[in-house]
Engineer: 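The structure under discussion is supplied below as structure tokens; questions concerning it will follow.
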Protein chains: 2
Amino acid sequence: MTKPDDTPEPMLGRISVPKSYEVLADRLRQTILDGSLAEGERLPTERELVSQTGLSRGSVREALRKLEVEGLVKTKLGRLGGNIVSRPGNDSMAHVITQFVRGRRLSLRTLQETREALEPSLARLAAEHRSKDDIVRLRELNAEMGQALDDRNRFAAINIAWHNAVATASRNDLLAAFLYAISYDVVASTVSEEYDTPGLRKEVVGVHERIIVAIEAGDGDAAFRRMERHVKATRAKTRAREDSDLPPD
Amino acid sequence: MTKPDDTPEPMLGRISVPKSYEVLADRLRQTILDGSLAEGERLPTERELVSQTGLSRGSVREALRKLEVEGLVKTKLGRLGGNIVSRPGNDSMAHVITQFVRGRRLSLRTLQETREALEPSLARLAAEHRSKDDIVRLRELNAEMGQALDDRNRFAAINIAWHNAVATASRNDLLAAFLYAISYDVVASTVSEEYDTPGLRKEVVGVHERIIVAIEAGDGDAAFRRMERHVKATRAKTRAREDSDLPPD
DNA sequence: CGACGGCATTTGCTCTTACCATTAGATCTT
DNA sequence: AAGATCTAATGGTAAGAGCAAATGCCGTCG
């Protein structure tokens, strides 16, 4: 199987021709991340970028489109509009993660496992880093849930907010963003299940309160354990649907 | 400060004028995720999309650019090239997560915490879902590490691969993608530290072996605990640099 | 004097047209 | 046959024009 050795040694690596919009996107990205452009500042107008780079308007716009998806710029229309530098937010990351989940048709089981991996740790970190305001916020939301026992959808919505509030209290933006990204999908597949009765909802409020107590006391281990049990309980009740794919849309 | 109540009741919500490339991107995305287009298939050529949608070539291309960042299509040049449907891979998600981390200047502490949240759970799942091949792969990599005790950078590189192999064994693509996304950053900030001596490296190989044993035995709890200790140990040794920001680039 | 209405300007958004560059199949040549 | 060459399909890039939205300015009118 020795093939005719026309070119024994490659000598030259594969030549890759970079596309102009990629190059521009990379350079703009670097400029932004360098800190040369503060958040909220406008980068040059499209026409300026054209004259600065020698590229066409189209290429410039394609580069901006990429940065937009990455969450590094937001485009505003009209006079005093422009392409404004912004910090990547939870939403931009959530968007991409959502495409990942849907595109690969990840099972509900996978999402549930992910949640079980994230939430206990978030609770522990919340216990270590929480502020007074965080506790107030958590109690507020939990009280709201207590008043929405009869409204399944409203209850579910506040429930998401509560779990994300725990994530916020953790002071870990990355983990919080992960949870934020999947929380919608998880709940969308979980809500309006037969197990979801007012009685069980009341139970949830009680469990939340005990978790809040642990967080307030700064007891990371307890917060971890209680949250772990809490999310696992959710899974147990969803087991019937396990391994099923996500509903379309 | 009561402003003149010209329009007491809004009556109409804010009107948002969708941009054409957004609309097209949304529709293409939906088509792809519906499964109407299988992975590897080509969607219509740009010129076809132009005639189908009535939009301009530029708008079509901007829409494609967005989908490209999301990892849903890959663009190939030349005859029989085109825009090819593809499943979002770890890389596309890692890219966005990296922008998130850099753009928000997340601290090393945050990354470390995230790792500590992910890895033990990944080890547990690996113990529950691993195949024989996974074990073989883990042992292979660990053996390679044992032979690279003197080469700090090579050791670090294989180390990343080992941890990602555990993630692969977990059969949870989402958690694995999370770890993959941060592993480079974490190690980049960790490697070439004074604590990083051949002796300690040898210790790591031993710890890895014990984790492999737990995974092989299907002992999720043990795998979890051992991995937890393992990653925490790494943090302890990095503590001096804690709270410092990431090095530029 | 103050508020309202229209005008001008800046900026992104969209379309049109044209041509170049890359790739792979088809065809010709030896 | 094997190789070189031609050809067609497709994305990449450029240039130019005009439209649409947002904002500030200014003049008019009450």
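Quick note on labels: first sequence line is chain A, next is B, and so on, each numbered from 1.
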Engineer: Among D:dT10, C:dG12, D:dG12, which nucleotide sits nearest the side chain of A:R61?
Structural biologist: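 Out of D:dT10, C:dG12, D:dG12, the nucleotide with an atom closest to A:R61's side chain is C:dG12.
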Engineer: Heavy atom of residues 62-73 of chain B under 4.0 Å from DNA chain D: which residues?
Structural biologist: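 Contacts with DNA chain D under 4.0 Å: B:R65.
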Engineer: When you get a sec, tell me which of D:dT13, C:dT11, D:dT10 is the closest nucleotide to the side chain of B:T45?
Structural biologist: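 Shortest atom-to-atom distance from the side chain points to D:dT10.
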Engineer: Can you list every salt bridge (charged side-chain N to carboxylate O under 4.0 Å, His left out) pair that touches residues 84-100 of chain A, not counting sequence neighbours?
Structural biologist: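 For residues 84-100 of chain A, and leaving out neighbouring residues, the salt bridge (charged side-chain N to carboxylate O under 4.0 Å, His left out) pairs sorted by first residue read A:E39-A:R87.
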Engineer: With respect to the phosphate group of D:dT13, does any side-chain polar atom (N or O) of A:S20 fall under 4.0 Å of OP1 or OP2?
Structural biologist: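 Yes, within the criterion.
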Engineer: So, OP1 or OP2 of D:dA14: does either fall under 4.0 Å of a side-chain N or O from A:S59?
Structural biologist: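 Checking A:S59 against D:dA14: at least one side-chain N or O falls below 4.0 Å of OP1 or OP2.
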Engineer: Is a side-chain donor or acceptor of B:N164 paired with a backbone partner of B:I160 at a separation under 3.5 angstrom?
Structural biologist: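 Yes; at least one donor-acceptor contact below 3.5 Å.
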Engineer: What salt bridge (charged side-chain N to carboxylate O under 4.0 Å, His left out) pairs are there with at least one residue in residues 47-60 of chain A, not counting sequence neighbours?
Structural biologist: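 Residue pairs with at least one partner in residues 47-60 of chain A: A:E46-A:R57.
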Engineer: For D:dT13, take OP1 and OP2 only and decide whether either is under 4.0 Å from a side-chain N or O of A:S56.
Structural biologist: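 So the side chain of A:S56 is outside the cut-off, no N or O lying under 4.0 Å from OP1 or OP2 of D:dT13.
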Engineer: Just the rounded figure in Å: distance from C1' of D:dA9 to CD1 of B:I84.
Structural biologist: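 It is 14 Å, rounded to the nearest whole Å.
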Engineer: Mind jotting down which residue pairs meet the salt bridge (charged side-chain N to carboxylate O under 4.0 Å, His left out) criterion with at least one end in residues 19-30 of chain B? Sequence neighbours excluded, please.
Structural biologist: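 For residues 19-30 of chain B, and leaving out neighbouring residues, the salt bridge (charged side-chain N to carboxylate O under 4.0 Å, His left out) pairs sorted by first residue read B:E22-B:K66, B:D26-B:R29, B:R29-B:E70.
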Engineer: List the residues meeting side chain to side chain donor-acceptor pair (under 3.5 Å) with A:S183, not counting sequence neighbours, and say none if there are none.
Structural biologist: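 Expected list: none.
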Engineer: In whole Å, I'd like the distance from the CG atom of B:L49 to the C1' atom of D:dG11.
Structural biologist: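 In whole Å, D:dG11 C1' and B:L49 CG are 12 Å from each other.
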Engineer: By the 4.0 Å heavy-atom rule, please label A:G82 as base, sugar-phosphate, or nothing.
Structural biologist: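 Here A:G82 touches the backbone only, sparing every base.
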Engineer: D:dG12 phosphate, OP1 or OP2: any side-chain N/O from A:Y21 under 4.0 angstrom?
Structural biologist: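 For A:Y21, the contact criterion (side-chain N or O under 4.0 Å from OP1 or OP2 of D:dG12) is met.
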Engineer: Any chance you could list the contact pattern along nucleotides 18-25 of chain D? Use B for base contacts, S for sugar-phosphate-only contacts and - for none, protein heavy atoms under 4.0 Å, 5' to 3'.
Structural biologist: B--BBBS-
